Protein chains: 2
Amino acid sequence: MGRRSIHTPEQLRQLILDAAAAIIEAHGLAGLSAREIARRIGYSPGTIYNMFENLDDVVLNVEGRVLDQLDERLVAELAKGGDQKALVQQLAQTYLAFTHERPKLWNLLFEHYMPGGTDTPPWYQEKLERLMGRVETAVAPLYPPDAVLERQRAARVLWAGVHGITSLSTANKLSNVTSEAAASLVTDLVGNYLAGAAIKAAPVRAAAS
Amino acid sequence: MGRRSIHTPEQLRQLILDAAAAIIEAHGLAGLSAREIARRIGYSPGTIYNMFENLDDVVLNVEGRVLDQLDERLVAELAKGGDQKALVQQLAQTYLAFTHERPKLWNLLFEHYMPGGTDTPPWYQEKLERLMGRVETAVAPLYPPDAVLERQRAARVLWAGVHGITSLSTANKLSNVTSEAAASLVTDLVGNYLAGAAIKAAPVRAAAS
DNA sequence: TGTGTGAATTGAACGGCGGCCCATGGAGAC
DNA sequence: GTCTCCATGGGCCGCCGTTCAATTCACACA
């Protein structure tokens with residue numbers, strides 16, 4: 001069969017990524033295969049190799065879209081504004097909600113290693129840093145303007161901490177913690193961490209407030 | 001070929017689990033296969049099915065051993081005793097060190113879902129709860145004796161938080177955070193969280209101390 | 001020491017899936 | 001109508017989990 005011209009190359013790319021994401025969400029990374037993607041989009045396996053280098057390339061691009069989607073959510077949340085302290089809490093809850101919506105898809109980010117231990121491409125690292133930057137933005141008002149390192153550290157700790165709660169709760173590996181309870185754990189983590197950090201900055205005032 | 005009696009059944013079980021763990025540590029869960037285990041231990045694939053129900057059963061038992069090994073480490077750390085506050089920090093660092101030693105093997109716990117969404121067997125959940133109990137023990141002296149819920153919550157939050165840092169740093173998904181830097185993030189997390197929690201319990205005294 | 005017996009071990013075989021490639025022929029350009 | 005180009009999808013080759021009839025050996029007993 002020759003060319004179909006039903007879909008533009010870009011449409012085809014998106015079709016493939018949509019299908020791949022759906023498969024991963026339903027059956028995990030292990031359930032993904034070029035044939036299965038092809039079946040779902042009504043094309044043949046070969047088509048996928050015209051648009052992507054190989055399956056790992058497809059997966060990497062699915063990951064990229066997930067990161068972009070999370071970024072959109074965080075940006076939307078930041079745009080709402082509101083109380084500074086509450087903002088960090090809101091971001092954390094947004095992250096939690098996002099990862100709980102499509103747990104297997106989110107888990108993909110941690111299941112998928114690059115073949116041969118290659119590290120992820122620059123655009124991927126940039127997406128990660130962009131996300132981290134959102135948290136830094138939210139945390140910024142709570143720190144003196146010149147406390148750059150503290151801010152970065154806080155952002156990373158909070159990001160990782162919230163990630164830990166979502167990761168363990170979606171995997172059902174936090175003994176007896178349901179998804180709903182995870183939200184209150186996140187609140188507790190963020191609240192106590194920020195309170196503790198505030199003491200270090202200005203012990204007396206923090207305690208008095 | 002008939003019986004060899006070179007290994008007792010129990011030895012054979014351990015041989016299989018050793019080999020499986022080695023394969024997973026080297027190539028991830030995706031690299032595991034009954035044939036590969038058989039090759040490594042010098043037996044045939046069929047032998048594995050005499051000792052285990054199927055490959056998932058093997059994997060589950062590898063997970064069990066990993067949990068047991070971590071528990072041993074935590075217990076050893078608890079036995080050392082020492083300052084109460086420092087103890088929580090020590091446990092956290094022990095966890096971090098353990099997961100960084102064999103990252104792929106540790107990751108197994110979060111890559112491997114039970115087939116068909118079955119939940120993990122009771123003995124597995126018990127191992128998880130035993131681990132959580134270790135953290136509760138370490139946290140206990142920092143809370144009033146009757147504050148059971150607070151203690152449990154703190155243990156879960158700390159456990160998950162530390163897990164998040166180890167998870168992201170081993171996966172290289174915490175922008176620009178190396179393995180060594182992870183240790184200081186853990187210290188920061190535990191320190192600030194506990195400090196924040198202390199305020200809530202007794203604002204004035206915590207600030208004054 | 002010889003022999004019978006059952007358990008342990010085997011490995012070939014089944015049915016299926018996978019990644020990836022390339023000769024083919026249909027679609028578009030002129 | 002002709003030609004060119006490129007998407008196509010059938011096919012190659014290999015690996016997988018799992019099974020089970022056949023085989024071989026350890027051991028008990030004589």
Side-chain angles (χ1 to χ4, degrees), chain A residues 1-20 22-24 26-63 108 111-116 118, chain B residues 1-24 26-63 108 111-118:
Chain A
M1 214 207 269
R3 62 176 71 177
R4 287 200 199 162
S5 295
I6 300 175
H7 300 104
T8 68
E10 186 51 31
Q11 283 178 325
L12 207 39
R13 265 184 85 86
Q14 295 308 321
L15 227 48
I16 291 169
L17 293 179
D18 285 344
I23 293 164
I24 292 167
H27 303 100
L29 179 56
L32 186 73
S33 75
R35 291 176 208 271
E36 180 60 23
I37 296 173
R39 262 190 290 276
R40 294 203 181 201
I41 65 174
Y43 278 77
S44 77
T47 303
I48 292 159
Y49 290 84
N50 294 332
M51 313 304 298
F52 296 91
E53 214 173 306
N54 50 39
L55 257 201
D56 272 304
D57 190 22
V58 175
V59 173
L60 208 61
N61 278 276
V62 172
E63 292 185 56
L108 171 64
E111 279 179 37
H112 180 239
Y113 328 119
M114 286 282 87
T118 327
Chain B
M1 215 204 271
R3 68 171 66 173
R4 289 196 197 163
S5 293
I6 299 175
H7 300 106
T8 66
E10 185 50 32
Q11 282 178 325
L12 206 40
R13 265 184 86 88
Q14 295 308 321
L15 227 49
I16 291 169
L17 293 179
D18 286 343
I23 294 164
I24 292 168
H27 304 101
L29 180 55
L32 186 73
S33 76
R35 293 174 209 271
E36 180 61 24
I37 296 174
R39 263 190 290 276
R40 294 203 181 202
I41 63 175
Y43 278 77
S44 78
T47 302
I48 292 159
Y49 290 84
N50 293 331
M51 314 303 300
F52 296 91
E53 216 173 304
N54 51 37
L55 258 201
D56 271 304
D57 189 22
V58 175
V59 172
L60 207 63
N61 277 276
V62 171
E63 292 186 57
L108 170 64
E111 278 179 39
H112 181 239
Y113 326 120
M114 287 281 89
T118 327

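Quick note on labels: first sequence line is chain A, next is B, and so on, each numbered from 1. This is a predicted model, so every value here is computed, not measured. Below, each value reflects all heavy atoms present in this structure, side chains not excepted, and no hydrogens, waters or symmetry copies.
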Chemist: Classify B:I37 by what it touches in the nucleic acid, base, sugar-phosphate, or nothing, heavy-atom distance under 4.0 Å.
Modeler: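 Contact class for B:I37: none.
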Chemist: Please state how far atom CG in B:L32 lies from atom P in C:dG18, giving the value in whole angstrom units.
Modeler: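 That distance rounds to 18 Å.
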Chemist: With sugar-phosphate meaning primed atoms plus P, OP1 and OP2, does B:T47 contact a base, only sugar-phosphate, or nothing at under 4.0 Å between heavy atoms?
Modeler: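 Contact class for B:T47: base.
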Chemist: Considering all heavy atoms of both residues, which atom of A:I24 and which atom of A:L108 are nearest to each other, and what is their separation?
Modeler: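 Taking A:I24 first and A:L108 second, the nearest heavy atoms are CD1-CD2, 3.8 Å.
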Chemist: Please name all residues satisfying salt bridge (Lys or Arg N to Asp or Glu O under 4.0 Å) with B:R35, sequence neighbours left out, ordered by chain then number.
Modeler: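 In terms of salt bridge (Lys or Arg N to Asp or Glu O under 4.0 Å), with neighbours along the sequence ignored, B:R35 is linked to no residue.
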Chemist: Quick one: is A:S33 getting a side-chain N or O under 4.0 Å of the C:dG18 phosphate, OP1 or OP2?
Modeler: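 Looking at the OP1 and OP2 atoms of C:dG18, one of them is under 4.0 Å from a side-chain N or O of A:S33.
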Chemist: Taking atom P of C:dA12 as reference, at what distance in whole Å does atom OH of B:Y43 sit?
Modeler: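 Interatomic distance, OH of B:Y43 to P of C:dA12: 18 Å.
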Chemist: Partners of A:D56 by salt bridge (Lys or Arg N to Asp or Glu O under 4.0 Å), sequence neighbours excluded?
Modeler: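 Listed in chain order: nothing, the list is empty.
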Chemist: Sequence neighbours left out, what passes salt bridge (Lys or Arg N to Asp or Glu O under 4.0 Å) with B:R13? Give chain and number order.
Modeler: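 Checked B:R13 against salt bridge (Lys or Arg N to Asp or Glu O under 4.0 Å); zero matches.
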Chemist: For the pair made of CD in A:E36 and C1' in D:dG9, what is the distance, rounded to whole Å?
Modeler: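 Computing the A:E36:CD to D:dG9:C1' distance gives 16 Å.
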Chemist: Considering residues at least two apart in sequence or located in another chain, which fulfil the side-chain hydrogen bond (donor to acceptor under 3.5 Å, both in side chains) criterion with A:Y49?
Modeler: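 A:Y49 satisfies side-chain hydrogen bond (donor to acceptor under 3.5 Å, both in side chains) with no residue once adjacent residues are dropped.
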Chemist: In whole Å, I'd like the distance from the CG atom of B:L15 to the P atom of C:dA8.
Modeler: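 Result: 17 Å.
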Chemist: Give me the distances for all protein-to-nucleotides 10-12 of chain D N/O pairs that come in under 3.5 Å?
Modeler:
residue	atom	partner	partner atom	Å
D:dG11	O6	A:R35	NH1	3.4

Chemist: Could you tell me how far apart B:I41 (CD1) and C:dT9 (C1') are, to the nearest whole angstrom?
Modeler: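 Nearest whole value for this atom pair: 12 Å.
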Chemist: Between C:dA8 atom C1' and B:I16 atom CD1, what is the distance in whole Å?
Modeler: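 Those two atoms, CD1 and C1', are 13 Å apart.
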Chemist: With sequence neighbours excluded, what pairs up with A:Q11 under the side-chain hydrogen bond (donor to acceptor under 3.5 Å, both in side chains) test?
Modeler: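 Result, side-chain hydrogen bond (donor to acceptor under 3.5 Å, both in side chains) vs A:Q11: none returned.
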Chemist: Between B:R39 (CZ) and C:dG11 (C1'), how many Å, whole number?
Modeler: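 Spelled out: CZ on B:R39 to C1' on C:dG11 is 13 Å.
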Chemist: Between A:H7 and A:L12, which heavy-atom pair has the shortest distance, and what is it?
Modeler: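 The pair with the smallest heavy-atom distance is CB-N, 4.3 Å.
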Chemist: Using a heavy-atom distance cut-off of less than 4.0 Å, which residues of residues 48-60 of chain B contact DNA chain C?
Modeler: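 The answer is B:N50.
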Chemist: Under the side-chain hydrogen bond (donor to acceptor under 3.5 Å, both in side chains) rule, collect the residues that match up with A:D57, sequence neighbours excluded.
Modeler: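 Partners of A:D57 by the side-chain hydrogen bond (donor to acceptor under 3.5 Å, both in side chains) criterion, ordered by chain and then number, come out as A:N61.
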Chemist: Mind checking salt bridge (Lys or Arg N to Asp or Glu O under 4.0 Å) for A:E63 and listing every partner two or more places apart, or none if nothing turns up?
Modeler: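 Result, salt bridge (Lys or Arg N to Asp or Glu O under 4.0 Å) vs A:E63: B:K173.
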